[in-house]
S.K.: 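Take this structure first; my questions come after.
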Amino acid sequence: MDFKLHHTDTKTNARAGEITTDHGTILTPIFMPVGTVASVKAVHIQELKNDINAQIILGNTYHLYLRPGLDILEKAGGLHKFNGWDRPILTDSGGFQVFSLSAIRKLKEEGAEFRSHIDGSKHFFTPENVVDIQRIIGADITMAFDECPPGDSDYNYAKKSLELTQRWLDRGLKRFNETEGKYGYRQTFFPIVQGCVYPDLRRRAAEYIAEKGCDGNAIGGLAVGEPTDKMYEMIEVVNEILPTDKPRYLMGVGTPANILEAIERGVDMFDCVMPTRNGRNGMLFTKNGIMNMRNKKWADDFSPIEIDGASEVDRLYSKAYLRHLFVSNELLALQIASIHNLAFYVWLTQEARHHILAGDFAEWKRVMVQRVSTRL
RNA sequence: GGGCGGUUACCAGAGUGGCCAAAUGGGGCAGACUGUAAAUCUGCUGGUUUUUACCUUCGGAGGUUCGAAUCCUUCACCGCCCA
């Protein structure tokens, strides 16, 4: 994987760049749709390519390991072959599931013991076997196995957790360097900065990771319950230290405003379930603000979903029609909302890129943060 | 003409003397959702009130009772059966 920095904004830390993988290039800043179980929910590949302009999607190690399972993925020849997506894929390591499935897992020095949320069976993830699994899945970008502590963790827990994540990083990186991809194309490995909301821990984490010299670096453990201002502060602290010539990936974030603030602070890559999950729950993000499509006020609004929206569905369907679909529990509602939201998110990051290159990012961003946060 | 059953909030439907402004489901109105255990979850849904509380309500009218959606009388309407 290569990264070329095209331009750094003069007034802010925003950057425009280009990631090259064996499955194609990615223009940054970029939003990456989440496809946890080998599928971006309610959206198929033609739509991802043509309507959404997705350049890279995510998969999840924990979920794919449980279903369809490694034997199937290996027989398929990797995830790209299995789901038909021939552009880049990034897999999360399962570190987030250590956090979100905390009720059914046990943390140990060696790794994390899980119970499957599907059938209750016991499984053990280590920094090493998570690398092995991601080799079998065959993602272009693989992630280190980390612990993602809750946003309200106290300092002592955060410190202990970070030190575990760092030991796990060394073990994972060692395994990654000792092994090779199974399908003939290159894979890369991103470490993850942790440290909760404590600047000194974040700094220490970023320094530790910067020394590893990986192709890209991730910031994790944010947007997990801490105040938004803390999140922005942590991004600033970390990005002062992370190498500028490597892409920076802010994991799991966030709202359109969150993404714009993070781009301003030098982040290049984003993923979040919000456009798809909230979309399925009736929330639409647009460049003029947020709409709850179940609200009655749309019932007789026959104007297009978004007249100048990023996707064709915005003009094909009216607000009244989409509301009707949601209220009637029609599956088409989930499809339209997911396509719309993902297209908007990808558009937002690519539009940010254009403004970085044009030199007016700061002004554009200030206006956009207001607009996208409005409740319509 | 006779017999039986029924009429409860927006809809369906429980409740058969006080714990009933009335279960439950649907519908309606709003909110939440950030590396997806999520086409999910939460709240409200007679009126006034922050709560307590009070007022109005269970087809209509009248009655019994300390007290009625619940018991009695009667009227209206609906359904089924017999003529």
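Quick caveat, the model's predicted, so the values are computed rather than measured. A, B, ... follow the sequence lines: proteins, then strands. Residue 1 opens every chain.
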S.K.: Name the pairing partner of B/rG31, where a pair is Watson-Crick or G-U wobble with both distances under 3.5 Å, or state none.
M.R.: B/rC41
S.K.: Applying salt bridge (Lys or Arg N to Asp or Glu O under 4.0 Å) to A/Glu261 and A/Lys365, what does each step give before you reach the verdict?
M.R.: CA-CA 8 Å; A/Glu261 296 292 350; A/Lys365 176 244 157 190; 2.9 Å; yes
S.K.: Checking A/Arg87 against A/Gln55 for the side-chain hydrogen bond (donor to acceptor under 3.5 Å, both in side chains) test, could you report, in this order, the C-alpha distance in whole Å, the side-chain angles of both residues, the deciding distance, and whether it holds?
M.R.: CA-CA 7 Å; A/Arg87 294 181 184 177; A/Gln55 300 178 41; over 6 Å; no
S.K.: Check each residue of residues 154-165 of chain A for a non-hydrogen atom within less than 4.0 Å of any atom in RNA chain B, then write out the ones that pass by number, or none.
M.R.: none
S.K.: Which pairs count as ring pair (Phe, Tyr, Trp, His ring centres under 6.0 Å) when at least one residue sits in residues 35-71 of chain A, sequence neighbours excluded?
M.R.: A/Tyr62-A/Phe114, A/Tyr62-A/His117, A/His63-A/His117, A/Tyr65-A/His123, A/Tyr65-A/Phe125
S.K.: Does B/rA30 have OP1 or OP2 sitting under 4.0 Å from an N or O in the side chain of A/Arg375?
M.R.: no
S.K.: Check the distance between B/rA32's C1' and A/Met283's CE and give it to me in whole angstrom.
M.R.: 8 Å
S.K.: Classify the nucleic acid contact of A/Gln194 as base, sugar-phosphate or nothing, counting any heavy atom under 4.0 Å across all strands shown.
M.R.: base
S.K.: What is the distance, to the nearest angstrom, from the CG atom on A/Leu376 to the P atom on B/rG31?
M.R.: 12 Å
S.K.: On a whole-Å scale, what distance lies between the P atoms belonging to B/rG3 and B/rC20?
M.R.: 38 Å
S.K.: Given A/Arg265, which partner from the list A/Glu240, A/Glu236, A/Glu233 fulfils the salt bridge (Lys or Arg N to Asp or Glu O under 4.0 Å) test?
M.R.: A/Glu236
S.K.: Paired with B/rU49: which nucleotide, if any, by Watson-Crick or G-U wobble criteria at under 3.5 Å for both distances?
M.R.: none
S.K.: Using the C1' atom in both, what is the distance from B/rU70 to B/rU57, to the nearest Å?
M.R.: 15 Å
S.K.: Have a look at A/Arg67 and say if it touches a base, only the backbone sugar-phosphate, or nothing, with a 4.0 Å heavy-atom cut-off.
M.R.: nothing
S.K.: With a 4.0 Å heavy-atom cut-off, tell me which residues in residues 210-225 of chain A come close to RNA chain B, sorted by residue number.
M.R.: A/Gly221, A/Ala223
S.K.: Compute the ring centroids of A/His340 and A/Tyr317, then answer whether they are less than 6.0 Å apart.
M.R.: no
S.K.: Applying salt bridge (charged side-chain N to carboxylate O under 4.0 Å, His left out), can you list everything that pairs with A/Glu306, at least two apart in sequence or on another chain?
M.R.: A/Lys287
S.K.: If the sugar-phosphate is the primed atoms plus P, OP1 and OP2 and the base is the rest, what is the B/S/- string for nucleotides 36-41 of chain B, using protein heavy atoms under 4.0 Å?
M.R.: BBBBB-
S.K.: Expressed as a whole number of Å, how far does the C1' atom of B/rC78 sit from that of B/rG60?
M.R.: 15 Å
S.K.: Return the orientation label for the A/Phe344 and A/Trp347 ring planes: parallel under 30°, perpendicular over 60°, tilted otherwise.
M.R.: parallel
S.K.: Knowing that exactly one of A/Cys148, A/Ser153, A/Ser161 qualifies, which makes a side chain to side chain contact (heavy atoms under 4.5 Å, CB included) with A/Gln194?
M.R.: A/Cys148
S.K.: If we ignore hydrogens and angles and just use 3.5 Å, is the side chain of A/Arg248 paired with the main-chain N or O of A/Asp268 as donor and acceptor?
M.R.: no
S.K.: Across all strands shown, which nucleotide pairs with B/rG1 by Watson-Crick or G-U wobble geometry, both distances under 3.5 Å?
M.R.: B/rC82
S.K.: Within this structure, what is the OG1-CD1 distance for the pair A/Thr244 and A/Ile241, rounded to the nearest 0.5 Å?
M.R.: 13.0 Å
S.K.: In whole Å, what separates the C1' atom of B/rC55 from that of B/rC72?
M.R.: 28 Å
S.K.: Starting from C1' on B/rG35, measure out to CZ on A/Arg248 and report it in whole angstrom.
M.R.: 19 Å
S.K.: Without decimals, in angstroms, what is the distance between A/Leu342 CG and B/rU34 C1'?
M.R.: 14 Å
S.K.: Counting only Watson-Crick pairs (N1-N3 plus N6-O4 or O6-N4) and G-U wobbles (N1-O2, O6-N3), all under 3.5 Å, who is the partner of B/rU7?
M.R.: B/rA76
S.K.: From CD1 of A/Ile57 over to C1' of B/rG35, roughly how many Å is that when rounded to an integer?
M.R.: 15 Å
S.K.: Touch check for A/Val37, heavy atoms < 4.0 angstrom, all strands: base, sugar-phosphate only, or nothing?
M.R.: nothing
S.K.: Under a 3.5 Å cut-off for both contacts, is B/rA23 paired Watson-Crick or G-U wobble with anything, and if yes, with which nucleotide?
M.R.: none
S.K.: Starting from the C-alpha separation in whole Å, work towards a yes-or-no answer on side-chain hydrogen bond (donor to acceptor under 3.5 Å, both in side chains) for A/Lys41 and A/Ser338.
M.R.: CA-CA 8 Å; A/Lys41 294 185 196 299; A/Ser338 298; over 6 Å; no
S.K.: Under 6.0 Å from the six-membered ring centre of A/Tyr208 and within 45° of its axis: does the NZ or CZ of A/Lys212 meet both?
M.R.: yes
S.K.: Expressed as a whole number of Å, how far does the P atom of B/rU34 sit from that of B/rA38?
M.R.: 12 Å
S.K.: Rounded to the nearest Å, what distance is computed from the CD atom of residue A/Glu226 to the C1' atom of nucleotide B/rG35?
M.R.: 13 Å
S.K.: If I take atom CG in residue A/Asn278 and atom C1' in nucleotide B/rU34, what distance separates them, rounded to the nearest angstrom?
M.R.: 8 Å
S.K.: Using the salt bridge (charged side-chain N to carboxylate O under 4.0 Å, His left out) criterion, which residues pair with A/Arg204? Sequence neighbours excluded.
M.R.: A/Glu163
S.K.: Please state the C1' separation for the pair B/rA21 and B/rG15 - nearest whole angstrom.
M.R.: 13 Å
S.K.: I'd like the P distance from B/rC11 over to B/rC82, given in whole Å.
M.R.: 33 Å
S.K.: What interatomic distance, in whole Å, is found between C1' of B/rU49 and the corresponding atom of B/rC54?
M.R.: 9 Å
S.K.: Parallel, tilted or perpendicular, judged at 30° and 60°: which one describes the rings of A/Tyr345 and A/Phe285?
M.R.: perpendicular
S.K.: From CG of A/Asn295 over to P of B/rG28, roughly how many Å is that when rounded to an integer?
M.R.: 12 Å
